[in-house]
Amino acid sequence: MAQAVEEWYKQMPIITRSYLTAAIVTTIGCSLEIITPYNLYLNPTLVVRQYEFWRLITNFFYFRKMDLDFLFHMFFLARYCKLLEENSFRGRTADFFYMLLFGATVLTGIVLVGGMIPYVSESFAKISFLSNSLTFMMVYVWSKQNPFIHMSFLGLFTFTAAYLPWVLLGFSVLVGTSAWVDLLGMMAGHAYYFLEDVYPRMTGRRPLRTPSFIKSLFADETVVVSRPENVRFAAPIQEN
């Protein structure tokens, strides 16, 4: 059993493995009181005035309590992050990393701007960790890129992947968790999907090109199959 888990872990692509490891280590560390969540959560005041810039990153690693909700999000992270990196972004690790960076930036921006809007600022002020939202963004992007895959929810009913985010949103409401977290992930996911897939088809321009300095961080190997110019192939054998 342990060997099977180890093999499964080693076979994960680099970004998925790194994020899953950081999330599990951070959440377990907080549960054991080795790390305190107060040093991790998103606090704009401390970021700007105390220069605690690490909060812009660490708030995406903590998934709160080690409960059923944590297990659900670890499953979503391990499954849909891996599916995206192995399929849609196969051989494009830098592009996948840039997608996560874009999503994290959008989510942080929404929370910061929302915290300054009257009547809704209190709701946004309660959002101190965006890890669940970033995971939900990956689910949303995957569902948009694979809309016709048939799925089943707990064996109760079947639906196509295009409705997966809405099914999970409804489930979150039923179990009493905040719908804001999932809605933020859907907003960030739709922003990426529109700018990366829809807008280029409409205009022929791609605004989300991965910067060269990010591509230089990842050594993706491009497999090119070509026919050598100086090689002659024998004529086919003709049967009598």
Side-chain angles (χ1 to χ4, degrees), residues 14-67 69-70 72-74 76-78 81 85 93-141 172 177-189 191-192 195 208 210-218:
I14 182 63
I15 300 298
T16 302
R17 184 169 68 247
S18 300
Y19 190 19
L20 183 65
T21 302
I24 293 177
V25 170
T26 302
T27 304
I28 292 179
C30 290
S31 298
L32 298 177
E33 298 184 355
I34 300 174
I35 312 171
T36 172
Y38 294 106
N39 290 333
L40 307 176
Y41 77 100
L42 180 61
N43 187 318
T45 302
L46 294 177
V47 171
V48 175
R49 296 183 179 179
Q50 302 295 328
Y51 307 109
E52 297 182 1
F53 299 113
W54 66 82
R55 295 179 181 273
L56 297 173
I57 301 175
T58 55
N59 80 92
F60 291 100
F61 295 153
Y62 181 51
F63 283 80
R64 299 182 182 274
K65 298 178 181 179
M66 299 281 293
D67 54 8
D69 183 66
F70 170 77
F72 266 115
H73 281 89
M74 289 300 99
F76 294 145
L77 176 59
C81 187
E85 190 172 0
T93 307
D95 294 338
F96 184 61
F97 177 79
Y98 188 57
M99 184 202 78
L100 295 181
L101 182 62
F102 172 83
T105 303
V106 170
L107 289 171
T108 303
I110 292 176
V111 171
L112 295 181
V113 173
M116 297 184 290
I117 300 176
Y119 305 109
V120 297
S121 58
E122 292 185 3
S123 298
F124 281 99
K126 296 178 182 179
I127 302 176
S128 52
F129 294 97
L130 292 168
S131 48
N132 291 358
S133 298
L134 187 60
T135 303
F136 206 87
M137 172 198 167
M138 287 184 271
V139 174
Y140 185 89
V141 172
S172 296
T177 59
S178 175
W180 273 110
V181 173
D182 294 346
L183 286 173
L184 288 178
M186 294 175 70
M187 292 179 191
Y192 178 83
L195 293 175
L208 291 183
T210 305
S212 56
F213 77 91
I214 292 182
K215 287 188 175 183
S216 65
L217 299 176
F218 301 93

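Index from 1, following the sequence. Computed from a predicted structure; not experimentally measured.
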Salt bridge (Lys or Arg N to Asp or Glu O under 4.0 Å) contacts in which one or both residues fall within residues 52-61, not counting sequence neighbours: E52-R55

Heavy-atom side-chain proximity of E85 to I14 below 4.5 angstrom: yes

Smallest separation among heavy atoms of S128 and N59, with atom names: O-CB, 3.7 Å

Contacts of F76 that satisfy ring-ring contact (aromatic ring centres under 6.0 Å, His included) - sequence neighbours left out: none

Closest contact, heavy atoms only, G103 versus A188: O-CB, 4.2 Å

Side chain to side chain donor-acceptor pair (under 3.5 Å) contacts in which one or both residues fall within residues 29-41, not counting sequence neighbours: Y41-N43

Residue pairs fulfilling side chain to side chain donor-acceptor pair (under 3.5 Å) with at least one residue in residues 18-29, sequence neighbours excluded: Y9-T21

Spacing of F60 atom CZ and F63 atom CZ [to the nearest 0.5 Å]: 10.0 Å

Nearest-0.5 Å distance that lies between atom OG1 in T93 and atom CD1 in I214: 12.5 Å

Straight-line distance of T105 OG1 to I110 CD1, nearest 0.5 Å: 11.0 Å

L20 CG to I24 CD1 distance, which is reported to the nearest 0.5 Å: 4.0 Å

Atom of M74, atom of A23 and distance for their closest heavy-atom approach: CE-CB, 4.0 Å

Of all pairs that satisfy side chain to side chain donor-acceptor pair (under 3.5 Å), the ones with a partner from residues 130-141, not counting sequence neighbours: Y140-H190

Minimal non-hydrogen separation, A104 against L134, with atom names: N-CD1, 4.0 Å

Check: W180 and V111 side chains under 4.5 Å, non-hydrogen atoms: no

Test ring-ring contact (aromatic ring centres under 6.0 Å, His included) applied to F129 - qualifying residues, sequence neighbours left out: Y62

Euclidean distance, L183 CG relative to F136 CZ, rounded to 0.5 Å: 8.0 Å

Minimal non-hydrogen separation, L208 against Y98, with atom names: O-CE2, 3.6 Å

Side chain to side chain, L40 and F61, heavy atoms closer than 4.5 Å: no

Shortest non-hydrogen separation from L130 to L42 and the atoms involved: CD1-CD2, 4.1 Å

Among D95, T210, I15, the one residue meeting side chain to side chain contact (heavy atoms under 4.5 Å, CB included) with F218: I15

